[in-house]
Number of protein chains: 2
Amino acid sequence: MEVSLSSARPLRADARRNREALLAAAREAFLSGDTDSHVEEIARSAGVAVGTLYRHFETREALIEEVYRQEVDELCAAPAALLERYSPEEALRRFLLLLVEHAAVGKGMSVALESIMATASPVFEAARTQMADALTQLLDAGVTAGVVRDGVTGPTLLRALGGICGMRATEGWQDEARQITALLFDGLRYGTAG
Amino acid sequence: MEVSLSSARPLRADARRNREALLAAAREAFLSGDTDSHVEEIARSAGVAVGTLYRHFETREALIEEVYRQEVDELCAAPAALLERYSPEEALRRFLLLLVEHAAVGKGMSVALESIMATASPVFEAARTQMADALTQLLDAGVTAGVVRDGVTGPTLLRALGGICGMRATEGWQDEARQITALLFDGLRYGTAG
DNA sequence: TCCATAAGGTGAGTCCGACTCAGGTTGTGT
DNA sequence: ACACAACCTGAGTCGGACTCACCTTATGGA
């Protein structure tokens, strides 16, 4: 599903297997709300020793980042597809909601997101940029179509959505997230013909 | 400045001094971006031993919480004052901006906020409720005056503003925060006579 | 097929930082 | 001035992320 992009020679077969197992185990742990999943547990449930975990990932954080990066990759493919299928306004609306749904895969994930937010790692920086670009794409289409106010940038909107990450531990958080999204959506349209 | 509200007898003079010194040292450390300020450092710069720190605060987190709670207390006094001086619309606008300025006291503070967000401690719960109530007060005044849409609650708006917490580590974050605030403000007015 | 070899795996041990507690110190009421 | 409870101290414990010296095995060439 993924070809090597780096100049290094490909991983040995068993190494590749282990790396994948670790990512799967980490995702599993984070998604199931096991917030305090320790490296030892993740390694064990992946069927390897901690040393192997550290062969593949610089730190515990790096592993979390990688899990998150994969999520972001999937999400960032959406805007282009949505713009082909829907009007700019509708595409924007749907993407914002998609973001909410995606954040809903498990409260453990939002912990991971926060954990990453708290670091200034280059990996996360890339993910953030990617996401911001996706939003910019949608905003630009909206501005061109005259349904979105000018002057709001992708990175800004991304941050505005950041609050959704801190939302576990409440009962009706998903509805609330949708409300916030609607609020931002309307804020974006404020002052247009919409 | 503060009288004992609990049934326990007042602290001994030296204990009170130490407690205050610890809070001051902690605030200092957090505000100056010393993100990884260790309990040992905080205790030393307050002129006490770690044991003393733990006599006054259950855990490191509890100390952070207390610093934050004080900030929140100050902030929550604002809405009532603003509503006396300005129109509901203007009061809301000013309070949202005040929130941003307040978050600006130092990037270290946002780390503290996040740290608190990541726990479901009762202390933070109280602070959050307090803040949400302040926002509700402003929103209600706005709805009554017909300048704010109905159906948005204080807790919801609070979360929407949450994204601002994750904003250190960027150059022009303060301008961005202001933009987001404006966005939400307009979202709130969407569909009214405003 | 089989070997040489380097990539990969192992897990006991190190490091470090939050937290504890037995014992000394000091403010306070009488 | 005294008794004593409240307070303070800081070396030590504990837990979890991370390391590294040594072992295992995939791989590619003979």
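Note that the structure is a prediction, hence the values are computed from the model and not measured. In what follows, chains carry the letters A, B, and so on, assigned in the order in which the sequence lines appear, proteins first and then strands, with residues in each chain numbered from 1.
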Self-check item: Side-chain heavy-atom pair B:L98, B:R94 within 4.5 angstrom cut-off
Solution: no
The reported gap from CG in A:L96 to CG in A:L188 (rounded to nearest 0.5 angstrom) is 7.5 Å
Between the CG atom in A:L138 and the CG atom in A:L157, the distance rounded to the nearest 0.5 Å is 9.0 Å
Assign each of B:N18 and A:E58 the nucleotide of DNA chain D bearing its closest heavy atom; nearer the 5' end lies the nucleotide of B:N18
Contacted region of DNA chain D by chain A, from 5' end to 3' end of the hits, cut-off under 4.0 Å to heavy atoms, spans D:dG16 to D:dT27
To the nearest Å, give me how far apart [atom1] ([X]) and [atom2] ([N]) are.
X	N	atom1	atom2	answer
A:R12	C:dA6	CZ	P	13 Å
A:E40	C:dG13	CD	P	14 Å
B:R60	C:dT20	CZ	C1'	18 Å
B:L63	C:dC19	CG	P	11 Å
A:Y54	C:dG13	OH	C1'	14 Å

query: Would B:R27 and B:Q70 count as a side chain to side chain contact (heavy atoms under 4.5 Å, CB included) if you check the C-alpha gap in whole Å, the side-chain angles of each, and the deciding distance to 0.1 Å?
result: CA-CA 10 Å; B:R27 166 175 271 118; B:Q70 290 187 355; 3.3 Å; yes
Give a yes or no on this: more than 12 heavy atoms of other residues, nucleotides or ligands lie within 6.0 Å of atom CD of A:E41.
yes
- Is there a chain of hydrophobic side chains (I, L, V, M, F, W, Y, each step under 4.5 Å between heavy atoms) that links A:L11 to A:L63? no
Comparing B:D14 with A:R55, nearest DNA chain C nucleotide closer to 5' gives the residue A:R55
Margin query: Need one value for A:V50: base, sugar-phosphate or nothing, where a base atom within 4.0 Å counts as base even if backbone is also close, heavy atoms only.
Written below: base
